[in-house]
Amino acid sequence: MGSLKLDHELENDSHMMVNPLDPEEFRRQGHMLIDFIADYYQNIESYKVLSQVEPGYLKKLLPESAPYYPESIETILQDVQKYIIPGITHWQSPNYFAYFPSSGSTAGFLGEILSTGFNVVGFNWMSSPAATELECIVMDWLGEMLMLPKSFLFKGNGGGVLQGTTCEAILCTIAAARDQMLNQCGSEKMEKLVVYGSDQTHSALQKAAQIAGIHTKNFRAIKTTKSNSFGLCPNSLRDAVRADVEAGLVPFFLCATVGTTSTNAIDPIGPLCEVAKDFNIWVHVDAAYAGSACICPEFRHFIDGIEGANSFTLNAHKWFLTTLDCCCLWVKDPSALIKSLSTNPEFLRNKATDSKQVVDYKDWQITLSRRFRAMKLWLVLRSYGVANLRNFLRSHVKMAKLFEELLRNDNRFEVMAPRNFALVCFRVLPWPSDISVAYHVERVNELNKKLLESINESGNVYMSSSVVDGAYIIRCAIGATLTEKRHVIRAWKVIQEHADDLLSKY
């Protein structure tokens with residue numbers, strides 16, 4: 001009896017089976033989805049930028065288990081609108097000014113669709129030759145736009161690879177630098193290896209060092225000062241390295257930053273590379289956000305000295321219209337990556353790899369599998385061209401200059417760091433500082449925390465914060481694709497309104 005019932009259920013279920021990749025059904029649903037996303041962007045300005053939901057909201061709204069029978073795309077999209085969109089913080093909103101931008105574009109979206117549609121797993125050349133070769137080409141294209149030395153390009157002896165994020169790229173370069181150093185000084189020196197950055201360097205460096213097996217006590221976050229605009233001082237680096245050498249330690253990796261997260265500080269690449277050269281230290285330059293702007297001739301000087309570095313990254317998914325994830329990593333010596341990251345099991349052996357005439361990107365990254373990221377970067381470069389990409393970046397810098405000017409014209413506010421690129425760091429400072437310094441700092445920090453909370457809870461704009469040299473600062477990062485001058489002016493009015501209300505209570 002039980003068997004007959006099971007057969008009956010199987011027969012019924014088989015009648016409900018649909019082809020998961022039916023071209024006509026994909027066409028129908030695809031049109032619906034494109035219309036849905038287009039409508040989202042048409043209405044995005046009406047949404048509160050920061051999601052207003054409470055933790056655990058979605059569990060209360062969705063069923064406890066997956067559906068047994070299929071549901072229509074129409075029903076699913078209705079639920080996306082009803083349940084998912086309220087829980088989204090709208091990174092693409094023109095009123096989004098937090099963290100750093102994650103700019104999108106029609107070309108980026110379409111490139112992602114092509115990449116996902118082909119769904120190739122391009123771990124080596126054989127697995128999809130076009131995926132590998134297109135990546136090599138676009139990395140040289142972009143490298144030339146940045147005027148990187150030929151030594152970083154495939155046209156020289158270097159090359160570029162698309163990673164997921166800067167965190168992955170730094171980990172890969174630390175692993176390569178670690179193994180290169182241990183080959184020189186002996187594997188028994190592992191516990192003596194030292195990594196350097198500044199107190200403004202992204203936490204990705206410390207995380208990568210931990211994963212790579214570097215002892216936590218051998219991580220150096222060298223203090224920066226306001227007098228140096230929070231950039232890493234070469235003399236401070238030299239002093240730290242000398243002290244470590246005298247203590248019998250082995251300096252091997254420096255991460256210099258062009259555009260730090262807190263204030264967009266610029267580490268002086270050339271002088272830092274000179275120090276590193278004296279001690280045989282691998283230099284990685286992290287320009288995750290600001291590197292994109294360096295395709296503009298007026299900003300290229302920020303990476304002067306790059307010829308002395310070993311590796312360089314920027315995130316095209318931040319300020320270059322290429323959707324997440326797309327981190328561009330260039331290295332002078334690809335063999336250093338390959339020696340640390342390659343594996344060659346029998347099931348991956350093939351004539352092309354054995355010929356050593358192709359790039360197998362599996363050996364340039366942490367994972368084996370990889371997406372066809374080059375497709376979306378290729379579409380962005382071709383669809384907009386160098387001239388339009390430069391104008392896009394310049395427009396945000398121009399808006400940031402306007403915002404900075406509005407701040408400076410209100411004597412209640414203070415600009416907290418030089419404005420590099422399109423990030424403005426500020427705070428409200430309505431009282432004189434002639435009272436107890438400790439009391440004053442604490443009071444001002446508390447006021448600015450409350451100001452930012454009030455601004456963000458309104459949902460009209462979204463900004464983020466940082467703490468630099470003990471001061472709590474508000475960060476306004478202009479870079480969302482849809483942001484225009486009117487949005488910046490409106491953001492300033494929102495800030496003023498909330499400051500007026502807050503200060504009236506003090």
Side-chain angles (χ1 to χ4, degrees), residues 100 139 142-153 156 158 160 166 169-170 172-174 176-177 194-202 204-205 208 220-225 227-241 251-315 318-319 327-333 336 393 417-421 423:
F100 280 130
M139 289 302 288
L142 185 52
E144 288 178 336
M145 289 164 62
L146 291 160
M147 292 189 289
L148 292 182
K150 195 174 180 181
S151 56
F152 279 101
L153 308 180
T166 300
I170 292 177
C172 289
T173 54
I174 281 188
V194 187
V195 170
Y196 300 85
S198 81
D199 58 1
Q200 302 301 305
T201 304
H202 195 281
L205 175 63
R220 306 283 180 263
I222 299 169
K223 185 171 175 53
T224 59
T225 62
S227 61
N228 281 337
S229 300
F230 303 109
L232 176 55
C233 173
N235 290 335
S236 297
L237 173 66
R238 187 178 291 276
D239 290 344
V241 173
F252 85 103
F253 191 88
L254 165 68
C255 182
T257 308
V258 175
T260 60
T261 301
S262 288
T263 64
N264 246 342
I266 309 294
D267 292 342
I269 299 175
L272 291 173
C273 286
E274 287 299 315
V275 175
K277 184 179 179 182
D278 291 343
F279 297 92
N280 196 26
I281 295 172
W282 180 298
V283 180
H284 175 74
V285 177
D286 171 17
Y289 158 73
S292 297
C294 295
I295 68 167
C296 302
E298 65 270 30
F299 297 124
R300 172 57 176 77
H301 67 92
F302 284 112
I303 58 170
D304 283 354
I306 192 68
E307 62 277 2
N310 300 82
S311 51
F312 174 76
T313 51
L314 70 81
N315 285 349
K318 276 192 167 68
W319 201 17
C327 171
C328 306
L329 166 66
W330 289 269
V331 290
K332 273 185 178 176
D333 181 11
L393 295 159
R419 181 207 47 76
N420 292 321
F421 310 105
L423 173 68

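The figures that follow rest on heavy atoms only: side chains count, while hydrogens, waters and symmetry mates do not.
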### Smallest separation among heavy atoms of F302 and I269, with atom names
O-CD1, 3.8 Å
#### Entry: Any F312 side-chain heavy atom under 4.5 Å of I303 side chain
yes
### Task
Could you pull out all residues at least two apart from F299 that satisfy ring-ring contact (aromatic ring centres under 6.0 Å, His included)?
F421
#### Entry: Exercise: identify the closest heavy-atom pair between A293 and L393
CA-CD1, 3.9 Å
### For E274, all residues meeting side-chain hydrogen bond (donor to acceptor under 3.5 Å, both in side chains), sequence neighbours excluded
none
### Message
Which residues pass the side-chain hydrogen bond (donor to acceptor under 3.5 Å, both in side chains) test with E298, not counting sequence neighbours?
### Response
R394
### Task
Dump the intermediate steps for side-chain contact (heavy atoms from CB on, under 4.5 Å) on L314 and W319, then the final yes or no.
CA-CA 9 Å; L314 70 81; W319 201 17; over 6 Å; no
#### Entry: For T225, all residues meeting side-chain hydrogen bond (donor to acceptor under 3.5 Å, both in side chains), sequence neighbours excluded
S227
#### Entry: Minimum heavy-atom distance C327-A169, with the two atoms named
SG-CB, 4.0 Å
### Query
Among pairs that include at least one residue of residues 258-269, which meet side-chain hydrogen bond (donor to acceptor under 3.5 Å, both in side chains), considering only residues two or more places apart or in two chains?
S262-S466
### Task
Using the test side-chain hydrogen bond (donor to acceptor under 3.5 Å, both in side chains), find all partners of T224 that sit at least two apart in sequence or belong to another chain.
D199
### Message
Just so I know, are the side chains of F252 and I174 near enough to count as touching, which here means a heavy-atom distance under 4.5 Å?
### Response
yes
### Pairs touching residues 301-310 that satisfy side-chain hydrogen bond (donor to acceptor under 3.5 Å, both in side chains), sequence neighbours left out
R300-D304
### Query
Closest approach of L423 and R419, non-hydrogen atoms and distance?
O-CG, 3.4 Å
### Query
Can you name the residues that form a ring-ring contact (aromatic ring centres under 6.0 Å, His included) with Y196, not counting sequence neighbours?
none
### Query
Can you tell me if W330 uses its side chain to pair, donor with acceptor, with the backbone of S151 under 3.5 Å?
no
### Task
Check step by step if side-chain contact (heavy atoms from CB on, under 4.5 Å) holds for H202 and T257.
CA-CA 8 Å; H202 195 281; T257 308; over 6 Å; no
For residues 228-240, run the donor-acceptor check on the side chains, cut-off 3.5 Å, and write out each pair with its distance to 0.1 Å, sequence neighbours left out.
residue, atom, partner, partner atom, Å
R238, NH1, D278, OD2, 3.2
R238, NH2, D278, OD2, 3.1

### Message
Could you work out, with salt bridge (Lys or Arg N to Asp or Glu O under 4.0 Å) as the rule, every residue matching K223, not counting sequence neighbours?
### Response
D469
### Summary
I170 and T173 have their tightest heavy-atom pair at O-OG1, 2.9 Å
### Smallest separation among heavy atoms of C328 and L142, with atom names
SG-CD2, 3.8 Å
### Query
Run the side-chain contact (heavy atoms from CB on, under 4.5 Å) check on F152 and I306 step by step: do they pass?
CA-CA 10 Å; F152 279 101; I306 192 68; 4.2 Å; yes
### Message
Suppose the criterion is side-chain hydrogen bond (donor to acceptor under 3.5 Å, both in side chains): which pairs have a residue in residues 281-296, not counting sequence neighbours?
### Response
W282-S311, H284-S311, H284-T313
### Query
Stepwise, does the side-chain contact (heavy atoms from CB on, under 4.5 Å) test hold for V275 with L254?
CA-CA 10 Å; V275 175; L254 165 68; over 6 Å; no
